Amino acid sequence: MALHLAYMLVSMPAKQCRMLRKLPRLAILISLLSLLLRSSASASAQHTLGPGSSLSVEDHARPFLVSPDATFSCGFLDAGDNAFSFSVWYTAAANKTAVWTANPDAAVNGRGSRISFRHDGGLALSGANGTTVWETKTSGAGLSVSLLNSGNLVVSDPSSGGGRTLWQSFDWPTDTLVPSQRLTKNTTLVSRFFFLYFDNDNVLRLRYDGSDISSIYWPNPDYGVFPNGRTAYNSSRIAVLDDTGVFLSSDNLRVVAADLGVPGVKRRLTIDPDGNLRIYSLDPSTGAWTATWAAMAQACSAHGLCGRNAMCVYQPSLRCSCVPGHEMVDRHDWRQGCRPMFGVTNCSQQAAVPEQEQRLKFVVVPHTDFYGYDVGYNKTVTFEHCKKLCLEMCSCAAFSYRPFEGGGLCYPKGFLYNGYTSPNFQGNIYLKVPIDFDASAQSVSARSSEGLACNPDGPEIVQGNPDTFQTSRNNARWSYLFAFAGVLGVLDIIFIATSWWFLSSKQSIPSSLEAGYRMVTGQFRRFTYGELKDATGNFKEELGRGGSGVVYRGVLDKGKKVVAVKKLTNVAGGDEEFWAEMTLIGRINHINLVRIWGFCSQGKHRLLVYEYVENQSLDRHLFDTDRTTPLPWRERYRIALGTARGLAYLHHECLEWVIHCDVKPENILLTREFDAKIADFGLAKLSKRNDGAGGDGMQLSHMRGTTGYMAPEWALNVPINAKVDVYSYGVVLLEMVMGCRVCDQTTAGGERLEMAQIAQALRQVVASGNVVPLVDGRLQGQFNPRQALEMVRISLSCVEDRSNRPTMDDVAKALTACDDEDEHPAYK
């Protein structure tokens with residue numbers, strides 16, 4: 001005992017020794033005994049176990065495994081009243097905050113539950129009744145399970161060279177990253193309704209995904225990729241927190257903890273229940289975690305915190321309150337939002353009442369805004385004009401008005417989500433209410449909900465305190481600033497010299513670089529009919545035509561930018577409705593979607609201005625028999641994957657959910673490098689998530705789409721949802737494999753095959769695994785059989801009954817998994 005204490009004193013760091021000298025002798029003895037007990041416990045715990053090892057939940061005080069350096073432990077953690085989870089945590093943390101959890105959404109009972117490393121090589125968690133709640137699904141003889149010094153829980157095969165890893169917790173993160181653990185394109189951090197992931201444009205984002213809405217809120221969605229300091233021009237999609245306190249991502253994101261460079265600090269990066277992403281540092285003296293960086297200084301910037309018709313207030317912790325005249329739907333769950341306490345007149349009832357008899361007024365909610373769901377946008381207008389616009393719009397529930405040069409910014413709102421109140425916000429929300437609504441009876445913060453915190457367990461961070469988010473060493477900060485300024489100066493000199501050389505040698509900037517620059521700096525705008533008539537030479541050069549209109553080639557910016565101008569036909573709605581709809585569509589931006597530069601709505605004329613995609617549409621390359629060489633397999637697969645990603649973005653990830661309703665090869669355009677870009681999206685009715693793109697569906701005034709690609713539900717008079725696009729995509733995917741139109745397939749007797757017959761044939765192909773007879777013969781065997789079979793399998797699932805069809809997100813993930821495999825050179 002004495003020898004062990006003496007050894008600990010000798011090996012103790014100098015800083016801790018100085019602290020011990022200041023303590024009374026009794027306190028020193030207690031501290032040393034505590035360290036001894038902890039050291040003994042660590043020594044008795046194992047960091048590697050073989051088959052047959054287990055731990056009962058009743059023995060949860062004892063860890064299942066401890067890393068060799070005792071930094072991490074794993075075992076059972078308290079997850080609620082008689083509820084436990086199997087987790088990994090920092091051993092020195094006082095509250096044992098989990099950095100990884102096997103069963104975050106399925107806690108096990110405090111009696112009878114067990115974690116076991118079975119003789120078949122699987123690590124499994126079982127509940128009180130013996131049912132398996134979670135397992136690694138590994139198998140083999142002689143396997144072992146280990147907890148590494150990195151915090152990675154690993155099932156490996158020691159008999160193979162170097163100990164081959166069969167499963168590791170780093171591949172299945174929950175809400176936290178620890179140093180050296182990588183976040184990749186295939187992994188996501190999840191905290192209840194909040195997700196940190198790499199989007200399809202290779203940018204690291206935070207997204208709220210609730211039951212009724214979903215939206216990206218970090219980086220700031222008001223700006224594009226480049227204004228947010230990110231770049232989409234990367235394909236690695238990797239982010240990692242290092243040991244010094246730097247969190248670095250491949251999209252150019254680099255943030256540092258406040259204690260940057262302090263040696264030996266244990267850190268973690270976590271999505272908290274309030275939706276904010278934070279770096280935490282462990283205080284070794286107290287075992288407490290301290291937030292040393294946060295993604296959002298304004299705590300209410302996260303979306304979905306308070307639900308519909310509610311607003312987030314920071315006072316100084318997060319609190320939610322209903323807008324005037326509303327009450328909480330569920331007193332225990334703010335995400336259910338608030339409902340009105342007055343009668344709401346629907347649009348059909350309101351339309352039947354003359355305008356002069358409609359008894360409505362507005363109640364102001366100061367310094368408050370609600371992000372998204374604008375039904376219009378007006379710049380430099382008066383307050384009275386904005387008020388009049390909202391009164392005349394049946395769908396307008398409120399309007400946001402912000403002072404601006406020469407007037408103000410007016411945003412009529414269809415729904416009130418993502419609300420926040422801040423004294424720094426220079427604007428107000430004006431809520432539309434009945435004329436007899438008594439505003440004095442309701443405080444602006446809605447008394448029915450006062451004092452209810454939306455995240456009472458959230459971390460204590462002083463809002464806007466710069467010391468929380470920066471290093472405390474002023475000298476280091478200034479040195480970084482001077483170094484950054486010096487680098488900028490050198491870059492300016494290089495840029496000026498390079499520009500002079502290009503101009504003097506009469507070399508033009510490469511068109512792709514210029515187009516990219518213009519895409520970043522250009523703005524969505526409204527054109528006049530005269531401008532587009534001149535740009536197209538009086539609509540002289542036709543590029544193509546379809547059910548929605550004719551496309552012409554045009555040139556803008558004095559010949560510097562080639563565009564495609566589409567004359568729309570059969571467009572319903574007035575000028576204001578069309579403007580509002582096009583403004584929403586103009587926000588949508590994805591690498592696999594054709595960029596919309598602007599529109600024209602003048603009199604009877606309705607036109608859209610698109611980016612020009614030079615390599616024509618997919619049907620020209622797939623079905624044109626005059627082409628001497630067929631579209632190579634590698635390009636076909638890239639197009640299939642790009643199209644899936646574009647549709648997945650429309651259905652699941654963009655700020656406004658869109659059903660395309662006319663997915664076909666003619667609407668898939670190809671760049672010079674054969675990257676897919678979907679055209680004509682947004683021309684069907686825009687829909688919210690539960691009204692079309694994932695919910696029960698929506699009713700459209702008439703059938704939309706093209707024969708041969710239309711889902712059966714179009715003819716059944718049932719609500720339409722995003723699964724109609726999935727069906728159409730399945731047909732297109734099959735055509736990419738076959739190299740011909742599906743609707744042209746006939747029997748030996750010349751009768752056209754029905755889709756049910758084609759689906760039956762596809763089932764036989766999938767069952768046999770022999771896809772060769774189905775693949776385009778013009779490829780002469782130069783294709784990837786596994787990818788082709790996967791495409792046929794996906795195509796079959798897409799044309800099944802709509803309740804069994806996958807989502808486009810599932811399709812994109814399945815194709816991505818096949819895309820990552822090594823290809824034979826002949827297939828490329």
Side-chain angles (χ1 to χ4, degrees), residues 212-213 308-309 311 323-326 337-340 342-365 368-402 404 407-419 427-437 439 524 526 571-587 599 601-602 606 655-658 682-692 698-701:
D212 51 355
I213 67 165
R308 185 171 181 172
N309 299 319
M311 49 203 178
V323 296
H326 291 67
C338 305
R339 56 178 168 238
F342 49 81
V344 179
T345 304
N346 62 41
C347 286
S348 60
Q349 293 172 329
Q350 185 173 329
V353 180
E355 184 177 339
Q356 63 272 19
E357 296 181 16
Q358 292 176 8
R359 299 174 58 78
L360 300 169
K361 67 176 183 180
F362 291 93
V363 173
V364 61
V365 188
T368 299
D369 193 25
F370 288 83
Y371 184 86
Y373 302 95
D374 305 327
V375 294
Y377 165 66
N378 296 273
K379 187 176 180 181
T380 63
V381 298
T382 64
F383 173 80
E384 291 300 325
H385 180 71
C386 187
K387 178 179 176 181
K388 184 174 182 293
L389 284 175
C390 188
L391 277 174
E392 293 173 349
M393 284 185 189
C394 171
S395 59
C396 180
F399 69 90
S400 172
Y401 189 79
R402 313 173 194 177
F404 193 70
L409 301 178
C410 174
Y411 298 87
K413 301 282 182 179
F415 301 96
L416 299 181
Y417 283 109
N418 307 318
N428 304 318
I429 277 287
Y430 296 85
L431 184 69
K432 186 193 288 185
V433 297
I435 194 71
D436 56 356
F437 173 74
F524 183 79
R526 184 172 186 171
V571 177
D575 179 77
E576 186 176 289
E577 295 177 46
F578 183 75
W579 190 349
E581 187 171 337
M582 288 304 104
T583 302
L584 292 176
I585 295 173
R587 293 182 182 179
F599 69 98
S601 178
Q602 186 175 334
R606 300 285 190 274
L655 297 178
E656 300 291 338
W657 283 265
V658 179
L683 298 188
K685 179 182 177 183
L686 289 182
S687 59
K688 304 302 182 237
R689 190 168 202 178
N690 280 347
D691 295 327
M698 69 176 183
Q699 294 287 355
L700 296 177
S701 58

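In this text, all values refer to a predicted model and were calculated from it rather than measured experimentally.
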Minimum heavy-atom distance [X]-[Y], with the two atoms named:
| X | Y | result |
| --- | --- | --- |
| Phe370 | Val323 | CZ-CG1, 3.6 Å |
| Tyr373 | Tyr371 | CD1-O, 4.0 Å |
| Gly414 | Ala397 | O-CB, 3.9 Å |

Using the ring-ring contact (aromatic ring centres under 6.0 Å, His included) criterion, which residues pair with Tyr430? Sequence neighbours excluded.
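Once residues adjacent in sequence are excluded, the partners of Tyr430 under the ring-ring contact (aromatic ring centres under 6.0 Å, His included) criterion are Phe383, Phe399.
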
Report the residues that fulfil ring-ring contact (aromatic ring centres under 6.0 Å, His included) with Tyr411, sequence neighbours left out, ordered by chain and then residue number.
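Tyr411 satisfies ring-ring contact (aromatic ring centres under 6.0 Å, His included) with Tyr377 only.
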
Using side-chain hydrogen bond (donor to acceptor under 3.5 Å, both in side chains) as the criterion, list what pairs up with Tyr417, not counting sequence neighbours.
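With neighbours one apart ignored, the set is Asp212.
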
Report the residues that fulfil side chain to side chain contact (heavy atoms under 4.5 Å, CB included) with Asp369, sequence neighbours left out, ordered by chain and then residue number.
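By the side chain to side chain contact (heavy atoms under 4.5 Å, CB included) rule, Asp369 matches Ser400, Arg402, Lys413, Tyr420, Phe425, Ile429.
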
Between the main-chain N or O of Cys338 and the side-chain N or O of Asn309, is there a donor-acceptor pair closer than 3.5 Å?
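Yes; judged by distance alone, with no hydrogens or angles, the pair exists.
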
Does Lys432 use its side chain to pair, donor to acceptor, with the backbone of Leu360 at less than 3.5 Å?
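Not a single qualifying donor-acceptor pair exists.
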
Approximate separation, where rounding is to 0.5 Å, of [X] [atom1] and [Y] [atom2]:
| X | Y | atom1 | atom2 | answer |
| --- | --- | --- | --- | --- |
| Lys361 | Leu431 | NZ | CG | 11.0 Å |
| Asn378 | Cys386 | CG | SG | 7.0 Å |
| Lys388 | Met393 | NZ | CE | 11.0 Å |

